[in-house]
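Working notes, beginning with the structure itself.
Quick caveat: nothing in here was measured; it's all calculated off a predicted structure. Throughout, protein chains are lettered first and strands after them, A, B, ... in sequence-line order, and every chain is numbered starting at 1.
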Amino acid sequence: MHAVVTVTGKDKKGVIAKVSQFLLEKNANIEDVSQTVMDEYFAMIMLVDISGIQEELSVLAQECAEMGKSIGMSVHMQHEDIFNAMHNV
Amino acid sequence: MFNKFDVLETINMVEKEHLDIRTITMGISLLSCIRATAEETATAVYDLVCKKAQNIVKVAADLSGEYGIPIVNKRVSVTPVSLITAAFPEKSILVGKALDKAAQTLGIDFLGGYSALVHKGTADYEEKFIRTIPEVLASTSRLCSSVNVGSSKSGINMDAVRLMGEIVKECAHLTKDNDGLGCAKLVIFCNAVEDNPFMAGAFHGVGEGDTVINVGVSGPGVVESAVKAIPNADLTEVAETIKRTAFKITRAGQLIATEASKRLNARFGIVDLSLAPTPARGDSVAAILEEVGIESVGTHGTTAILAMLNDAVKKGGVMASSRVGGLSGAFIPVSEDIGMIEAAESGKISLDKLEAMTCVCSVGLDMIAIPGNTSASTISAMIADEAAIGMINNKTTAVRVIPAPGKKVGEWVNFGGLLGRAPVLPVHESSAEKFISRGGLIPAPIHSFKN
């Protein structure tokens, strides 16, 4: 089972470190990363394997959003199916 | 890996453009609850609804968390209650209250189905049932009611139309301390559909399965943004853009519907492709019409744009979902759409234009405040007009008007929440009393020679 983690906001140091650390603690495995900075606007999309997580995805997604707030970024964790559904025929 | 822009587009739709799943509605058949007495039936109804829908709130919260899309309403629709209480119609109120209590226990937003289907004739028990509607709506909070008074196959039951004018008035009177809130929970239909997930008109048709999940998507804000991004496009391209946007919105609805039915142990019914506005800015159907190129909703051109919008939404949505149903169209409730509220306030939209708009979209004269002294026969005549539009055009039409107690044109009703607020609009003052008092049945129309 995979989830997509999206991190957006004003660029600053340590964002990737913080997000990766969080995912490691939750036993989620990062499989793919795409990241850019445009005009100081940071945007990162990660595909993570969440088969090993100990809590429900909805709970983890909430914690993820809170972790994002603590570093001043907007962080979303969503089941990959929503993107498959909306963007693939 | 996903396309970066696709991912960010979805997030943007939710965060900035109010994309949401408007409702997960569980349809439950109550036919197995009929007992010898009203009291026993009410108990059986309460137990069944609480059992079947016990997880709906939790499942909706889980899905919302997992997929990152808000699910605004959790609802239940039930078999038209008039069928359940046919043996003791005067005591239908007991079942109505049991349903309202079940809705409170479950923590759902609304429960629909305090309904009667009388499009060809009103049985004695149905008339008695209908007469309980005002009291039930005044003494419950989450229960919604609807009455089907006409259909393309059977014509319009004008006796029922006459009765409903009086019922609407009484609903307003009994809830006069809340601006006639009872009327906001009562819909009078022509060609009512059996799988509608939207309130106040939802009920679970007898042709449906035992327990089904119907999902209503939303997203006027998403469509508005998509149209805004192409200011110089011609209308072919505008229609195409709306279609593509509707596809994406509906796919989200389809995913939620499939997952919800699995987790709730119910059959997947339909996805309803309606664009449903809320009073929040950026969540308005009127704003889409204005974005296409009219200064204000209600002016000339409104009907044409609405027709295009409605059709494009269906075309995109049908492709995106395996089963489409319900009302599926753009809703134009006045009090629930900020653009409509503003147009009504500045006198740019009239009841006559609203009626014209209902010829090309779902659902009808919806959430419109009219003067408190409007006569029952005038309300009946409004119902008859809408029913005629539905009957001739083979579509669902409805009336949900609020004769605001003690209020005149220009004064406001305010219901709060999703039901919103609206200024009282003027109605025509010439009487339709003689027409309505004739009663009888307007015969079903001929369906060939369509010119």
>> I need the Leu63(B) CG to Ser58(A) OG distance, nearest 0.5 Å.
In response: 9.0 Å

>> If we check side chain to side chain contact (heavy atoms under 4.5 Å, CB included) with Ile45(A), which of these qualifies: Asn3(B), Asp6(B), Val7(B)?
In response: Val7(B)

> Considering only heavy atoms, which portion of Glu259(B) lies under 4.5 Å from any heavy atom of chain A: side chain, backbone, both, or neither?
Replying inline: neither

> What residue, out of Leu57(A), Asn88(A), Val59(A), Leu60(A), has the most heavy-atom pairs lying under 4.5 Å from chain B?
Replying inline: Leu57(A)

> CD/Gln78(A) to CD/Glu66(B) distance, rounded to the nearest 0.5 angstrom?
Replying inline: 11.5 Å

> With only heavy atoms counted, which part of Glu9(B) is less than 4.5 Å from chain A, the side chain, the backbone, both or neither?
Replying inline: side chain

> Do other residues, nucleotides or ligands put more than 12 heavy atoms under 6.0 Å from Glu40(A) CD?
Replying inline: no

> Does a sphere of radius 6.0 Å around CZ in Arg267(B) hold more than 12 heavy atoms from other residues, nucleotides or ligands, not counting ones at 6.0 Å or beyond?
Replying inline: yes

>> Other residues, nucleotides and ligands only: do more than 12 of their heavy atoms fall within 6.0 Å of NZ on Lys26(A)?
In response: yes

>> Taking NZ in Lys12(A) as the centre, count heavy atoms belonging to other residues, nucleotides or ligands within less than 6.0 Å. Is the count above 12?
In response: yes

>> With heavy-atom distances below 4.5 Å as the criterion, would you say the side chains of Thr250(B) and Met86(A) are in contact?
In response: no

> Can you tell if the side chain of Thr8(A) reaches within under 4.5 Å of the side chain of Ile11(B), non-hydrogen atoms only?
Replying inline: no

>> For the backbone of Ala85(A) and the side chain of Arg251(B), can you confirm whether one donor and one acceptor N or O come within less than 3.5 Å of each other?
In response: yes

> Counting only N and O atoms by type, is there a donor-acceptor contact under 3.5 Å from the side chain of His79(A) to the main-chain atoms of Tyr67(B)?
Replying inline: no

> Is atom CE of Met319(B) surrounded by more than 12 heavy atoms (other residues, nucleotides or ligands) closer than 6.0 Å?
Replying inline: no

> Should Ile82(A) and Leu255(B) be marked as a side chain to side chain contact (heavy atoms under 4.5 Å, CB included) after you check the CA-CA gap, both sets of side-chain angles, and the distance that decides it?
Replying inline: CA-CA 7 Å; Ile82(A) 189 72; Leu255(B) 174 66; 3.9 Å; yes

>> With a 4.5 angstrom heavy-atom cut-off, is it the side chain or the backbone of Glu31(A) that approaches chain B, or both, or neither?
In response: neither

> Is it the backbone or the side chain of Glu56(A) that comes under 4.5 Å from a heavy atom of chain B, or both, or neither?
Replying inline: side chain

